[in-house]
Structures are given as structure tokens and as C-alpha cells.
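By convention in this document, chain letters (A, B, ...) are assigned in the order of the sequence lines, proteins followed by strands, and residues within each chain are numbered from 1.
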Protein chains: 2
Amino acid sequence: MSESAANFGRKIQYASERSLGHASPQSDTSVGYVVRDVHRAFSRSLQAKIAAHGVSMGQWFFLRALWDEDGLTQRELSQRVGMMEPTTVTALNSMERRGLVERVRNPHDRRKVNIYLTPKGRGLRDVLLPCAAEVSDLATRGIAPADLALTIDVLHRMIINLGDNPDTI
Amino acid sequence: MSESAANFGRKIQYASERSLGHASPQSDTSVGYVVRDVHRAFSRSLQAKIAAHGVSMGQWFFLRALWDEDGLTQRELSQRVGMMEPTTVTALNSMERRGLVERVRNPHDRRKVNIYLTPKGRGLRDVLLPCAAEVSDLATRGIAPADLALTIDVLHRMIINLGDNPDTI
DNA sequence: CACTATCAATTAGATACCTAACCATTAGGT
DNA sequence: ACCTAATGGTTAGGTATCTAATTGATAGTG
């Protein structure tokens, strides 16, 4: 049972055996490790592109959410982006400092703070989304759409399996 | 061309549509986002298990490398683990503090520092590796081996595509 | 209408990463 | 033997996360 489990403690010789540039051929090929490396590869790649426009990865996700729907409260934003609230606070602090968003205390419920994009923040959309597209495009180059779809599905199933989903527990 | 690129800026309705527990149904399903979420799911899951034994994620990777080969220099360790050297320094500091490893200045080349597991550090192997196996097992439960293999291969190809590999550039 | 529970945001403090700049040591050429 | 290169490790400083505790505002109940 569960050959997959053994994976974590063992090495499989793989076609494209080299996890990160500086990782030795010793590097592990179990799912967890590969996922970590892909994640970092994505981060670096996108980071490199958007940094040119003065936006950091930490800000990226919140901008994305706000381009989608402006004026969310901080809690709503946290939920959309999938990050804890203190993380949101610090990200918004830096975004506010850079003039990308504005905090507006909600007049009807003074506990809430609504976040609005400034023109500058909104304007970044047309510059930054293509960056993300480039990264995604680069990453998936040469991968058959069916394989990609299956990969995404498998990854989704892993998320659910790992029980990060409250309804699942 | 490149439907994949569009992904990054769009939402696809997916069977298992829910990225993180607290993420709304709005959450993006493009590869980059899913990878990020799986990565965090893995981290949390493993972290929860190994924390019980006083080991943090930052230490885990280095322990793994040392269980595999003891007495590596810090640079070698960094390369095996795929982390920058300052990261290694701080991880080793905490591991040394907790009595998991010992730094020994290399007598033949006094620039180098060899890292040796203490009995305590070595002993954790038999406790911690099963934790990782459990996580891996849980994550891949119900996923056909062929699908898993394909997923890992696709992820590897993405790493190479994203050019984190110097030899590829 | 006062009390308490809940909600929204924040602060405090920890971990895990990174880049850039800096020492200390060794190696190699003259 | 010197001087410069390169090598190995560290420090300094920044970003991105998290959990736990705190503060302020509202809502619900007796």
C-alpha cells in the first residue's frame, strides 16, 4: 500500500532530474519537494518581472483581488487572497505607502475598513497582468493542454487531501 | 496560441474549485496559484507533524540532507537543499542551538566548516521520516500512480521552463 | 440601557526566505 | 615572499508569511 509515501524518504531517478539550478542531482523528486521548487520558480519569475514596476509579490495578490473587485474590506481581501489578516495588514501598509491603495473607514460600520485602488493602482493592471501571462506561458511551454489540465486537477485534489479545507475536516 | 497564458488572468470553473480553506470560490485556478496553494498545504501539514518534535520546516530540509550525508560543508549543504547560503547559516544557527548539529572548522581548509549531526539530530531520522511519509501519503491518496507520475513530470518541466536552471539559460 | 459576545483591524513576535556587502582564508602567479 | 583572485562563511537588512494577544466597534440579551 501507498507507494507514494515511500517517495518522501527515497529518490526516484527522473527524466528531468534537477530540482533547482543549484540543487545537486541528489535532490529529492517526491511531490512535496517538486511542488516547493515549482512554487519558488514561479515566484522568482514573476517577481523579477513585476519588480520592474515597483510591485512586490506580497502586493501582487492583493492587487489582483482588487482589480477584480474594488472596495473590499480587509477581511474580505484576506479571504479572497487566502492569506491571514495580519499578512493583509502589512501588505496594505506597503501598498498604501506606495500610493497603490487607499484605506477608507466604513461609515456604516466603523470597525470595517474598505480598500480602494488609487488610479495608480488601477493603472498597473494593464502593465502587470501581461507579466503574469508571460510567466504562465513560459512555465507551460511545450506541455500538452491535457497534461496541464490533469496536473492542475491532481494538485487540486492534493490540496483537498491535505485538509486545508475546513469543510473537509 | 498559448491558452495557458490567458489562465493567469482568468478563472476556470474547476471540479474541485476551492483553493484554500479560507479562499472564496473566486480564487484563481491557474497553475501558478494552485502550485502556491499546494505548496502551502504541504508546508502546513508537515510543519504540524514535525513541530511536535521541536523541528521547524527551515530545519527539516537540512536534516534530510545530513541524514543522507553527514559532515557536509555549509556551501555543500546549501546546494543540496537548494537554498542560499545566508539561509543555511540561520537555519544551522537554530539547529546548533537546539543541539541537532555541530559545526566543526575544517582543519585542512580553515575557511570551511563541516556540519555533523549530533546523536540527537541523527536520532530524529526515524521519528521524522515517517511524518513526511504520512504527509505524502495523505496528499496523494486516491490519485492514480500514473497521474501522479505525470504531474511530477509536468512540474519538473515547468521548473526547467522557468529557467531556474543555469545550464538551461 | 448596561453587559457580554462577537467582529474587524491591528500589534507583537516568530520563522523562512532572499540580496548585497563584508570578513577571513587559501591559492596562484610573479 | 608578496599580491591579487577566488572561496567559504557571516552580517545586515528586507520581504512574506504565520500565530497569539490587543484594541475598538457593534449587536444581542436580560
Are any of the side-chain heavy atoms of L128(A) and W67(A) separated by less than 4.5 Å? yes
Between [X] ([atom1]) and [N] ([atom2]), how many Å, whole number?
| X | N | atom1 | atom2 | value |
| --- | --- | --- | --- | --- |
| L77(A) | dC7(C) | CG | P | 19 Å |
| L46(B) | dA16(C) | CG | P | 11 Å |
| M95(A) | dA16(D) | CE | P | 11 Å |
| Q47(A) | dG14(D) | CD | P | 16 Å |
| L92(A) | dA16(D) | CG | P | 12 Å |
| M84(B) | dA21(C) | CE | C1' | 16 Å |
| I50(B) | dA16(C) | CD1 | C1' | 12 Å |
| H108(A) | dT26(D) | NE2 | C1' | 15 Å |

Does dC18(C) have a Watson-Crick or wobble partner in any strand here, with both distances under 3.5 angstrom, and which is it? dG13(D)
With both distances under 3.5 angstrom, what nucleotide forms a Watson-Crick or G-U wobble pair with dA5(D)? none
Measuring from atom CZ of R103(B) to atom CD1 of I115(B), what distance do you get when rounded to the nearest 0.5 angstrom? 5.5 Å
Of the listed nucleotides ([options]), which one gets closest to any side-chain atom of [X]?
| X | options | result |
| --- | --- | --- |
| F61(B) | dT26(D), dC18(D), dC17(C) | dC17(C) |
| K112(A) | dA8(C), dC18(D), dT26(D) | dA8(C) |
| R111(A) | dG24(D), dC18(D), dT17(D) | dG24(D) |
| P86(A) | dT11(C), dG9(D), dT11(D) | dT11(C) |

Should [X] be listed as having a side-chain N or O under 4.0 Å from OP1 or OP2 of [N]?
| X | N | value |
| --- | --- | --- |
| R103(B) | dT10(D) | yes |
| R40(A) | dC18(C) | yes |
| T87(A) | dC18(D) | yes |

When we call it a touch if two heavy atoms are under 4.0 Å apart, what does [X] touch: a base, just sugar-phosphate, or nothing?
| X | result |
| --- | --- |
| S56(B) | sugar-phosphate |
| R110(A) | sugar-phosphate |
| T90(A) | base |
| V89(B) | base |
| S94(B) | nothing |
| Q74(B) | sugar-phosphate |

Taking the side chain from T73(B) and the backbone from E76(B), do they hold a donor-acceptor pair closer than 3.5 Å? yes
Return the minimal non-hydrogen interatomic distance between R36(A) and F61(B), and the atom names on each side. CD-CZ, 3.5 Å
Taking the nucleotide of DNA chain C with the nearest heavy atom to each, does R98(B) or N106(B) sit closer to the 5' end? R98(B)
On DNA chain D, does the nearest nucleotide to E85(A) precede the nearest nucleotide to E85(B) from the 5' side, or the other way round? Give the residue. E85(B)
Using 4.0 Å as the upper bound for N to carboxylate O, is an ion pair formed by D68(A) and R80(A)? no
Checking understanding here: a glycosidic angle within 90° of 0 is syn, the rest anti, so what is dA5(D)? syn
Measure the acute angle between the ring planes of H39(B) and H39(A), then classify it against the limits of 30° and 60° as parallel, tilted or perpendicular. parallel
